[in-house]
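Values below: all heavy atoms of this structure, side chains included; hydrogens, waters and symmetry mates excluded.
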Amino acid sequence: MALTTTAEAPIPVAEVSRLIRGWIDRLGAVWVEGQIIQLSPRPGAGIVFLTLRDPSREVSLSVTCYRQVYEQVKDVVAEGTRVVVHAKPEWYEKAGRLSLRAAEIRPVGVGELLARLERLKKALAAEGLFAAERKRPLPFLPGRIGLITGRASDAERDVLHTARERWPAVRFEVRNTAVQGAYAVPQIIEALRELDARPDVDVIIVTRGGGGMEDLLPFSDERLVRAVAAARTPVVSAIGHEADAPLLDLVADVRSRTPTHAAKDTVPDVGEEHERVLGLRERARRVMTGLLEREERGLSEVLSRPVMADPHSLLEDREEDVAGLLERARRTLDHRLARGEDALVHTHARLVALSPAATLQRGYAVLQRTDGSVVRDAAEVSEGDALRARVAEGQFGVTVVPPA
């Protein structure tokens with residue numbers, strides 16, 4: 001239960017330590033797995049001290065055990081060994097220190113580690129972390145390459161030497177980390193995230209030389225696998241030899257057989273690229289030469305045709321045809337105009353002969369009443385009616401008189 005304290009009524013340090021011990025004593029024994037990073041079996045001492053570290057996180061705990069517990073496993077455990085410990089948490093009041101009192105220590109066997117890795121591999125594969133569609137292509141010529149490897153290691157020398165031999169101008173951003181043991185995973189993840197955050201790093205190589213199965217365990221750690229899967233920068237894995245197959249190989253965008261092959265997979269060979277450029281230039285020259293020769297032959301064939309050799313001859317032939325058609329059209333039109341003129345003259349003569357004016361010219365007259373109507377019968381008028389007579393050259397009024 002929470003204590004009630006104030007600045008005016010504090011409790012002594014010893015009381016706090018005693019209460020913490022009481023709370024911890026209520027905890028039962030637990031099975032804990034970790035990696036031994038420090039082991040101190042002092043000769044003649046009844047207590048053996050060791051430090052157990054989580055391989056995936058920077059967390060460690062002190063462990064103590066009686067000499068007889070250690071004697072049972074001293075031939076199979078050492079610093080770096082993975083163990084499972086059955087222990088009870090203990091609090092030392094005077095020092096204010098927490099530790100685990102081990103009652104049993106069991107080394108984790110290779111078979112068990114392999115079984116765990118297989119289960120983890122299946123679980124991560126089911127999530128799609130190893131799917132081919134997730135893998136990104138490497139840039140043709142990376143501007144800067146991130147390299148995560150052990151300090152002054154053969155793997156580092158192989159990558160740098162091979163890459164600079166292939167492309168002397170290549171640039172590297174190297175991060176030296178632990179590549180085995182309890183500190184490897186957190187250091188590699190930190191280096192990976194740092195390089196991944198840099199916009200000038202185009203690809204990241206994670207590499208180390210060969211080693212035993214336990215030495216390569218950090219590269220099958222779930223946290224590292226997920227960190228690589230989450231990286232935005234393409235990652236190349238080159239761990240151990242070709243026969244080694246940590247889970248990092250499966251999640252990486254490219255798996256290289258060795259550190260040397262990682263450099264070859266990442267950096268193009270300047271000599272090969274120069275030869276390829278020359279080959280492409282020669283191929284382009286042949287293609288263009290062939291195209292120009294074909295076009296030149298085609299143009300020569302076109303120019304050799306009569307119409308292209310003397311293009312005016314076609315116009316001259318057509319000129320005679322046009323002149324003949326024009327003359328024919330002119331004759332036809334003249335004939336039609338002459339016929340039309342004759343028909344017009346004849347029609348005009350008929351119109352003149354049949355015209356009322358021509359009748360009036362012969363001495364006839366047209367009698368009209370005052371309303372303009374024409375008189376056609378003598379019975380239509382009466383004596384004394386005023387009429388108007390129209391003759392060929394004018395008109396005048398007349399009066400109807402009785403017949404003589």
### Query
Is a side-chain donor or acceptor of Ser17 paired with a backbone partner of Gly96 at a separation under 3.5 angstrom?
no

### Query
Do Val77 and Val83 have side-chain heavy atoms sitting under 4.5 Å apart?
yes

#### Entry: Exercise: do Arg208 and Gln180 side chains pair donor with acceptor under 3.5 Å
yes

### Nearest non-hydrogen partners of Val73 and Ile105, listed with the distance
CG1-O, 3.2 Å

### Task
State, without any angle test, whether Glu156 and Asn176 hold a side-chain donor-acceptor pair at a distance under 3.5 Å.
yes

### Query
Would a 4.5 Å heavy-atom cut-off, applied to side chains only, mark Arg166 and Thr162 as touching?
yes

### Message
For a quick test of reading the model, state the closest non-hydrogen atom pair linking Arg136 to Val235 and the distance between them.
### Response
NH2-N, 4.5 Å

### Pairing of Glu282 and Arg286 as salt bridge, 4.0 angstrom limit
yes

### Task
State, to 0.1 Å, how close Val201 and Ile145 come at their nearest heavy-atom pair, and which atoms those are.
CG1-C, 4.5 Å

### Query
Quick check: does any side chain N or O of Thr266 sit under 3.5 Å from a backbone N or O of Ala262, one acting as donor and the other as acceptor?
yes

### Query
Should Arg198 and Glu194 count as an ion pair when the cut-off is N to O under 4.0 Å?
no

### Message
Are the side chains of Glu295 and Leu299 in contact, using a 4.5 Å heavy-atom criterion?
### Response
no

### Query
Between His335 and Thr332, do the side chains contain an N or O donor and an N or O acceptor separated by less than 3.5 Å?
no

### Query
Is Arg171 reaching over with its side chain to a backbone N or O of Gly143, donor-acceptor style, under 3.5 angstrom?
yes

### Query
Would Arg21 count as a cation-pi partner of Tyr92, with NZ or CZ less than 6.0 Å from the six-membered ring centre and within 45° of the ring normal?
no

### Message
Under 3.5 Å, is there a donor on one side chain and an acceptor on the other for Thr64 and Arg101?
### Response
yes

### Query
Does the Ser373 side chain pair with the main chain of Arg369, one donor and one acceptor, at a distance under 3.5 Å?
no

### Message
For a quick test of reading the model, state the closest non-hydrogen atom pair linking Arg164 to Val170 and the distance between them.
### Response
CG-CG1, 3.8 Å

#### Entry: Considering all heavy atoms, the nearest Ala78-Ile36 contact
O-CB, 3.8 Å

### Query
Closest approach of Val85 and Ala102, non-hydrogen atoms and distance?
CG1-CB, 3.4 Å

### Query
Is there a side-chain contact between Tyr183 and Ile188 (heavy atoms, below 4.5 Å)?
no

